> 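Below: one structure in structure tokens.
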Number of protein chains: 4
Amino acid sequence: MQKMQERMELLLSQAEARHIDIAWVKEQLKQQRIETPSWGYADSGTRFKVFAQPGAAVTLSDKLRDAAHVHRMTGIAPSVALHIPWDLVDDWSAVAQEAAALGLTIGAINPNLFQDDAYKMGSLTHPDAKVREKALAHIVECVAVMRATGSRDLSLWLADGINYPGADDLRARRRRLEESLSRIYGLLPPDKRLLIEYKFFEPAFYATDIPDWGMALLLCQKLGDRAKVLVDLGHHAQGVNIEQIVATLLDEGRLGGFHFNNRKYADDDLTTGSINPYELFLIYCELVSGELDPQVEYDVAFMIDQSHNVKPKVEAMIQSVIAIQRAYAKSLLVDRKTLVEAQKVGDIIAAEECLAAAFNTDVEPLLAQVRMEMGVPTDPLLAHRQSGYQQQIETARAGKRGASSLG
Amino acid sequence: MQKMQERMELLLSQAEARHIDIAWVKEQLKQQRIETPSWGYADSGTRFKVFAQPGAAVTLSDKLRDAAHVHRMTGIAPSVALHIPWDLVDDWSAVAQEAAALGLTIGAINPNLFQDDAYKMGSLTHPDAKVREKALAHIVECVAVMRATGSRDLSLWLADGINYPGADDLRARRRRLEESLSRIYGLLPPDKRLLIEYKFFEPAFYATDIPDWGMALLLCQKLGDRAKVLVDLGHHAQGVNIEQIVATLLDEGRLGGFHFNNRKYADDDLTTGSINPYELFLIYCELVSGELDPQVEYDVAFMIDQSHNVKPKVEAMIQSVIAIQRAYAKSLLVDRKTLVEAQKVGDIIAAEECLAAAFNTDVEPLLAQVRMEMGVPTDPLLAHRQSGYQQQIETARAGKRGASSLG
Amino acid sequence: MQKMQERMELLLSQAEARHIDIAWVKEQLKQQRIETPSWGYADSGTRFKVFAQPGAAVTLSDKLRDAAHVHRMTGIAPSVALHIPWDLVDDWSAVAQEAAALGLTIGAINPNLFQDDAYKMGSLTHPDAKVREKALAHIVECVAVMRATGSRDLSLWLADGINYPGADDLRARRRRLEESLSRIYGLLPPDKRLLIEYKFFEPAFYATDIPDWGMALLLCQKLGDRAKVLVDLGHHAQGVNIEQIVATLLDEGRLGGFHFNNRKYADDDLTTGSINPYELFLIYCELVSGELDPQVEYDVAFMIDQSHNVKPKVEAMIQSVIAIQRAYAKSLLVDRKTLVEAQKVGDIIAAEECLAAAFNTDVEPLLAQVRMEMGVPTDPLLAHRQSGYQQQIETARAGKRGASSLG
Amino acid sequence: MQKMQERMELLLSQAEARHIDIAWVKEQLKQQRIETPSWGYADSGTRFKVFAQPGAAVTLSDKLRDAAHVHRMTGIAPSVALHIPWDLVDDWSAVAQEAAALGLTIGAINPNLFQDDAYKMGSLTHPDAKVREKALAHIVECVAVMRATGSRDLSLWLADGINYPGADDLRARRRRLEESLSRIYGLLPPDKRLLIEYKFFEPAFYATDIPDWGMALLLCQKLGDRAKVLVDLGHHAQGVNIEQIVATLLDEGRLGGFHFNNRKYADDDLTTGSINPYELFLIYCELVSGELDPQVEYDVAFMIDQSHNVKPKVEAMIQSVIAIQRAYAKSLLVDRKTLVEAQKVGDIIAAEECLAAAFNTDVEPLLAQVRMEMGVPTDPLLAHRQSGYQQQIETARAGKRGASSLG
């Protein structure tokens with residue numbers, strides 16, 4: 001504890017040298033919010049195998065309790081994204097009450113337009129109008145859940161696409177998609193947003209109907225102001241500069257939210273920051289830049305979307321929330337004054353060192369301090385391990401097995 | 001038919017101009033053999049969804065019948081690869097008899113070392129010796145199946161790997177893998193071969209224990225002459241030159257076999273030749289080159305390994321066999337005499353045009369002729385559609401649903 | 001010749017079976033136009049080495065003569081793209097006259113905003129307004145060349161970007177780019193178009209200012225109707241579905257043109273169709289679909305942009321023009337009636353086979369017939385080799401060496 | 001300074017908690033050696049443009065002085081790699097004396113087998129024996145330089161490969177390569193090593209003769225014990241796990257050395273650690289693991305190979321040396337005891353956190369301490385900026401321009 005105090009003092013002097021108000025940094029960190037996904041607490045896997053985990057959540061109540069525990073440990077994860085129909089229940093007001101009692105709110109509602117035999121050739125883009133109607137009916141159901149739970153964002157990921165050249169007409173699919181989305185947008189109450197996610201490939205292996213940010217943005221433009229793009233960190237081709245996409249969408253007023261995770265190869269859905277933490281930091285640098293710019297309309301939903309196939313689920317979620325918090329903290333410690341000056345004169349190395357210095361800063365004392373002031377454990381992972389929560393759910397949920405979600 | 005005759009005559013004159021003996025080409029085509037996988041007839045999918053197909057095979061008998069039908073339609077698919085335990089039965093001699101009655105032989109045996117909860121951290125590379133023993137016991141079982149069915153090749157694909165840095169010691173895993181493989185090799189009767197498959201990623205998302213041909217070859221070298229590398233066309237990083245790997249393994253006497261399929265992004269498992277037919281042709285050009293070279297020990301097992309998630313399974317298999325046959329036919333029509341001469345003088349364009357001319361040849365009349373002489377339908381896809389086989393299995397298998405295989 | 005006639009008759013019967021009017025196909029092929037680039041006739045290379053070729057063009061006159069020869073051999077390459085200042089001369093009306101005398105017109109004008117020491121941190125996006133003004137002044141010069149030569153398209157490729165995180169502010173660069181482009185658009189006479197090219201990477205290695213079609217389209221939208229996107233086949237991340245981008249841009253009325261080439265790894269600038277001819281065919285299938293759709297505003301400039309580092313330049317250009325012609329011919333032979341019907345009922349395999357059948361058609365007799373009717377050699381490559389043109393330029397240009405262009 | 005002392009004390013307590021002897025860490029850091037390349041001080045660029053930098057080295061003397069300055073600033077860069085013929089001089093003993101007077105030794109000798117018109121179709125793999133002899137004669141010359149300068153390693157990068165299918169016979173090229181390498185190996189005195197570098201692509205764009213570690217290792221195996229593989233961090237396909245290759249080569253006793261740099265897309269040659277510092281750290285974790293394992297024969301040459309196209313060259317080199325030093329320091333601070341225990345019980349998260357904790361450690365005080373004890377500036381970049389060296393060379397070298405090297 002003494003040590004932590006000393007480290008915090010060191011940090012204060014570093015911040016001062018970088019023209020940074022540490023009180024502001026702490027305030028930002030206290031206001032950070034990361035939404036966790038209900039399906040991240042349930043069993044998941046690859047096409048080859050779903051490894052069953054002891055204590056994995058089965059019911060929506062299980063998932064809410066896990067999410068509440070993650071929030072208790074971290075203090076910055078107060079909302080839960082739901083997936084319909086995985087989380088489908090009869091009484092949504094009861095769910096809202098249960099969540100509230102646990103200190104949670106209901107975040108984004110995620111429709112499922114990929115797990116029905118009807119959707120083999122697409123949902124909103126399907127050649128057959130009856131299938132498109134079926135998909136739209138599901139969206140109507142989801143909007144009802146949004147109203148009942150106070151959710152603001154309809155978070156739409158489409159698996160739609162084709163596996164082989166010729167399987168459908170690419171331009172016809174676009175037109176069906178535009179029409180379907182227009183109807184969905186029309187269904188949304190004026191205080192709700194539509195988040196459109198893109199994905200490079202999988203499960204479609206030849207052409208995905210919304211393959212990149214450009215297509216998602218183009219669709220949003222045709223819908224209206226409350227249609228925004230959602231960036232999933234695992235949904236790009238190798239090498240794509242994600243921070244540049246983030247900067248662009250911020251500039252266009254179209255960055256709606258994130259699905260955080262990390263990848264080395266494809267949509268690996270690993271825990272955020274586990275493969276390339278510097279990339280996560282650079283994304284946050286763009287976010288902070290946008291947040292500080294009065295010309296940018298900044299309203300971003302931060303959500304995690306991972307598959308904890310081999311890591312203990314609750315623990316992996318806590319680890320992820322912390323990794324995101326760490327990236328945000330580091331990005332807040334960039335000496336932006338020096339950075340801008342270096343950029344102005346083309347001093348590439350000095351500019352880069354501003355980022356490197358912030359990234360290499362030991363922010364653990366800062367995070368510990370912030371957590372202490374927020375009344376949550378200073379070391380969330382350790383606190384979780386000591387809490388006995390994992391043993392508790394393993395006992396309580398023993399013998400229960402639900403339908404797995406992804407996979 | 002008249003037309004076909006005319007086209008065949010044209011082809012003869014083209015072949016003559018290219019210094020090619022068309023009788024030899026026909027003989028080669030008649031001797032071509034493509035093995036189909038039992039699991040390719042059963043329902044499969046992605047981690048997101050397994051689309052159930054009417055008529056999909058459920059039992060091993062179903063699969064054998066489907067394979068026999070594919071062979072009836074094409075004449076060049078007389079063997080079936082099995083997957084244990086997906087195809088596990090009690091009485092293997094009955095299976096061998098059933099296959100023989102259908103005109104089939106049993107091809108490669110594929111162990112399953114990835115669908116048991118014990119294998120979360122690997123099978124042959126697992127840190128715990130007990131898990132490795134469990135995996136080896138499964139191999140013993142597979143070798144028994146090989147003996148009982150007359151199968152020659154043990155075809156080993158390992159899903160082993162780790163998802164996160166630090167999850168295990170990379171060098172320790174190698175040593176465990178070498179030891180496990182050495183024991184497997186020791187189990188094999190002297191007339192059997194071990195085929196070692198590599199895969200770039202999936203389901204392991206950080207490090208796969210056998211990620212590329214180099215690792216597979218290194219392992220084979222340590223085992224002995226009957227350990228060979230198996231090349232799956234979907235298991236490489238983007239851009240990797242597969243035909244060069246084929247040429248190298250042929251040169252080293254280590255090309256054991258293929259898993260044919262095609263991909264645009266990752267291990268998409270699409271039908272062979274559907275995305276890049278020229279690449280398939282170039283691979284066959286290397287194979288023909290190896291076959292013609294007396295210094296090359298040429299003993300290659302050609303197998304299909306695809307996931308027909310959206311295509312009708314039996315039809316997709318026939319389409320794939322034809323695509324491979326077409327690629328082989330085109331590669332046999334390369335004017336190798338002119339090619340070698342052009343290479344000798346560095347005439348890149350003339351050399352390339354030898355390949356392009358062969359690739360652009362209309363080989364349909366040649367294939368029709370060969371099929372006629374083999375006593376199989378000249379248009380296998382059409383014959384299949386007219387055979388009523390699909391309707392027949394849909395009726396016969398209605399209501400039956402088995403455990404899906406992949407996914 | 002007799003043979004060719006027979007093959008042509010066979011093709012006629014194939015076309016009829018596919019509901020295709022071969023007269024229409026021939027008419028389309030006669031109207032096809034491929035623009036060749038002046039710089040494709042000059043020495044080029046990689047960063048490691050520019051291999052000097054005997055006979056490589058040095059002066060603009062050399063390049064025009066080479067282009068005229070390619071047009072004489074093929075009949076479908078009547079225009080030449082210029083690059084300023086590589087092709088800079090004093091008297092543009094003399095150039096226009098020389099071109100006209102050779103049967104050529106001047107195609108797109110390509111500014112050079114990457115070969116001046118001032119552009120180390122960008123040109124149109126440079127932090128320093130003086131550098132941006134310098135770049136704009138160059139554009140003014142290029143527009144003057146357009147007026148003087150009758151060129152319609154200003155074809156803008158920007159190398160602008162940064163190599164390291166932090167080197168410049170990404171959003172500031174966007175705003176500078178928008179402002180610069182707006183001024184450029186304002187400079188264009190009302191009958192001229194601005195084609196905006198995108199590129200995934202190189203020479204910028206961290207962030208390229210126009211990295212993909214989405215960014216190019218977004219910029220075009222802000223400029224006006226005569227701003228269009230230019231697609232270079234080598235400028236995408238691995239796996240990107242280019243035909244889908246083509247379809248999308250056609251649908252949006254924003255497909256301005258192509259830079260044809262092929263690649264296996266990055267922007268390899270190989271000859272068109274040399275690595276994946278099926279992809280080229282699929283792109284042409286989308287183009288034909290757009291051309292046939294009255295709702296699509298179809299006005300596409302087809303240009304080659306390759307680096308013939310190891311192939312003889314004139315010959316490589318003829319080979320490329322033929323490869324593109326072949327792809328177009330095959331795409332015109334798709335049975336669209338059957339394709340649409342198969343798509344309607346979700347018959348994926350039948351739909352795919354429509355494409356495969358067209359792709360596997362022997363179109364050489366058709367092309368020979370079309371060429372004969374156009375009065376050009378039936379075998380352009382052979383005619384070129386027999387023409388003595390290469391020997392002629394090697395002699396005429398011996399000892400002349402110019403500044404290389406790329407590289 | 002006071003602060004630095006405090007931070008060092010904190011680090012000591014962290015190290016203790018991680019079971020690490022900080023004296024050992026400091027000793028390791030003092031023994032670290034990074035070789036800089038002579039060509040890294042000269043102008044370089046892409047195929048599009050070489051940006052001339054004021055003060056860029058022109059003569060070998062310039063390069064040696066720059067290298068000596070980098071060593072003065074960092075204390076761990078006492079050797080220089082040379083490139084023949086870029087660095088070719090008449091009197092090598094004079095060079096050795098000049099280097100010694102500057103406190104430098106001569107490191108690896110890098111032959112150039114790619115910048116002669118003869119090598120268009122390859123050097124050691126060329127179809128024409130005369131070209132192969134020419135290449136071998138150059139190697140003889142390089143070996144003479146090795147003897148004269150006391151260099152130990154012949155560092156061989158081959159640009160050899162082909163750009164188009166069919167351009168040469170792939171297996172014939174392999175056999176020529178094996179024969180050429182065998183002769184080169186025979187030329188080496190018994191105390192010298194041959195380092196064989198691989199590269200995925202560029203400048204060959206269809207097939208590179210040594211495309212990956214597997215091919216390089218296979219060649220080494222056939223040569224003998226003193227043939228080792230050299231790993232360039234930019235020479236892999238996207239996603240390839242480099243640390244696994246490092247671990248494998250260490251295990252096989254075949255890791256000869258590194259060419260350090262970083263990349264986002266292809267062989268971008270950016271400064272080491274600038275794009276993915278965590279990957280660099282993970283590579284060092286494998287190196288430390290190998291160094292600590294008595295069963296591993298550990299003899300690795302660490303060299304930088306970058307193109308400082310836009311960064312000031314000397315400064316970029318200092319920045320790179322520091323980045324590598326930082327990665328090594330962090331990897332030495334991994335709690336290996338806890339890591340191994342976590343791996344043993346499959347505690348993936350605890351294992352990963354051992355790595356994350358080390359990576360997130362503030363090692364700047366440790367590095368400052370080590371530098372102070374070594375008698376070099378505690379902040380090398382700052383010291384360089386204050387030294388006036390850049391201004392000095394800009395003045396001294398004004399007006400001098402040499403042949404650029406790469407590009």
Side-chain angles (χ1 to χ4, degrees), chain A residues 120-121 127-128 162-172 174-175 200-201 206-208 211-218 221 236-241 243-248 250-252 278 282 285-286 289-290 293 296 334 339-340 342-346 348-349 351-356, chain C residues 120-121 127-128 162-172 174-175 200-201 206-208 211-218 221 236-241 243-248 250-252 278 282 285-286 289-290 293 296 334 339-340 342-346 348-349 351-356:
Chain A
K120 197 155 82 170
M121 294 300 293
D128 185 341
I162 54 178
N163 272 6
Y164 294 97
D168 198 0
D169 184 279
L170 293 172
R171 290 191 296 115
R174 291 193 73 233
R175 286 191 292 267
F200 186 42
F201 77 97
Y206 167 64
T208 297
D212 58 16
W213 73 273
M215 195 75 86
L217 176 58
L218 192 51
Q221 288 173 337
H236 305 83
Q238 285 281 21
V240 165
N241 187 319
E243 51 270 33
Q244 188 181 17
I245 294 173
V246 169
T248 302
L250 279 172
D251 236 25
E252 297 291 319
Y278 194 51
L282 292 173
C285 287
E286 292 304 322
S289 162
D293 185 342
V296 169
V334 171
L339 175 66
V340 169
Q343 288 173 343
K344 209 170 287 174
V345 298
I348 302 172
I349 289 185
E352 191 185 19
E353 288 295 313
C354 286
L355 300 184
Chain C
K120 196 155 81 170
M121 294 300 294
D128 186 340
I162 55 179
N163 272 6
Y164 293 97
D168 198 359
D169 184 279
L170 293 172
R171 290 192 295 115
R174 291 192 74 232
R175 286 190 291 267
F200 187 42
F201 76 98
Y206 167 64
T208 297
D212 57 17
W213 73 273
M215 194 75 86
L217 175 59
L218 192 51
Q221 287 173 337
H236 305 83
Q238 286 280 22
V240 165
N241 187 319
E243 51 269 35
Q244 188 181 19
I245 293 174
V246 169
T248 303
L250 280 172
D251 235 24
E252 297 291 319
Y278 193 53
L282 292 173
C285 287
E286 291 304 321
S289 162
D293 184 342
V296 168
V334 171
L339 175 67
V340 169
Q343 288 173 344
K344 210 170 284 174
V345 297
I348 303 173
I349 289 184
E352 192 185 18
E353 288 295 313
C354 286
L355 300 184

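Here is the naming used below: chain letters follow the sequence lines, and residue numbers restart at 1 for every chain. Computed over heavy atoms, backbone and side chain alike; hydrogens, waters and symmetry mates excluded. Predicted model only: the values in this text are computed from it and were never measured.
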> Looking at C:M121, C:Q221, C:K120, which has the largest count of heavy-atom pairs under 4.5 Å with chain A?
C:Q221
> Where is the tightest heavy-atom contact between A:W213 and C:M215, given as atom of each residue plus distance?
CZ2-N, 3.5 Å
> Restricting to side chain to side chain donor-acceptor pair (under 3.5 Å), what partner residues turn up for A:D293, sequence neighbours left out?
C:R171
> Please identify, among C:A356, C:A207, C:A351, C:C354, the residue contributing the most non-hydrogen atom pairs under 4.5 Å to chain A.
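Most pairs with chain A among the choices: C:A207.
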> Are the side chains of A:Q238 and A:F200 in contact, using a 4.5 Å heavy-atom criterion?
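Answer no - side chains too far apart.
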> Less than 4.5 Å apart, any side-chain heavy atom of C:L217 and any of C:T248?
no
> Go through the atoms of C:Y206 and report whether side chain, backbone, both or neither lie under 4.5 Å from a heavy atom of chain A.
both
> At a heavy-atom distance under 4.5 Å, which candidate from C:D169, C:I162, C:N163, C:L339 has the highest pair count against chain A?
C:D169
> Please classify the contact of C:Q244 with chain A as side chain, backbone, both or neither, using a heavy-atom distance under 4.5 Å.
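Both backbone and side chain of C:Q244 come within 4.5 Å of chain A.
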> Only pairs of heavy atoms separated by less than 4.5 Å count here; which of C:I348, C:L170, C:D251 has the most with chain A?
C:D251
> Where does C:P211 contact chain A at under 4.5 Å (heavy atoms): side chain, backbone, both or neither?
side chain
> Verify side chain to side chain contact (heavy atoms under 4.5 Å, CB included) between A:Y278 and A:L355, making sure each step is shown before the conclusion.
CA-CA 10 Å; A:Y278 194 51; A:L355 300 184; 3.9 Å; yes
> Pick one of side chain, backbone, both or neither for C:V334, based on which atoms fall under 4.5 Å of a heavy atom in chain A.
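The answer is neither part of C:V334.
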> What part of C:E243 gets within 4.5 angstrom of chain A, counting heavy atoms only: side chain, backbone, both, or neither?
both
> Sort C:D212 into side chain, backbone, both or neither according to what part of it lies under 4.5 angstrom from a heavy atom of chain A.
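When you check distances to chain A, only side chain atoms of C:D212 fall under 4.5 Å.
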> Heavy-atom cut-off 4.5 Å, strictly under: side chain, backbone, both or neither for C:I245 against chain A?
neither
> Could you look at C:N241 and say if it's the side chain, the backbone, both or neither that has a heavy atom under 4.5 Å from chain A?
side chain
> Check each atom of A:V240 against the heavy atoms of chain C and say whether the ones under 4.5 Å are side chain, backbone, both or neither.
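For A:V240, the contact with chain C is made by backbone and side chain together.
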> Quick one: salt bridge (Lys or Arg N to Asp or Glu O under 4.0 Å) partners of C:E252, sequence neighbours excluded?
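Residues passing salt bridge (Lys or Arg N to Asp or Glu O under 4.0 Å) with C:E252: A:R174, A:K222.
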> Name the region of C:T208, side chain, backbone, both or neither, that has any atom closer than 4.5 Å to a heavy atom of chain A.
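Looking at C:T208, just its backbone touches chain A.
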> Side chain, backbone, both or neither: which part of A:L218 has a heavy atom under 4.5 Å from chain C?
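Only the side chain of A:L218 comes within 4.5 Å of chain C.
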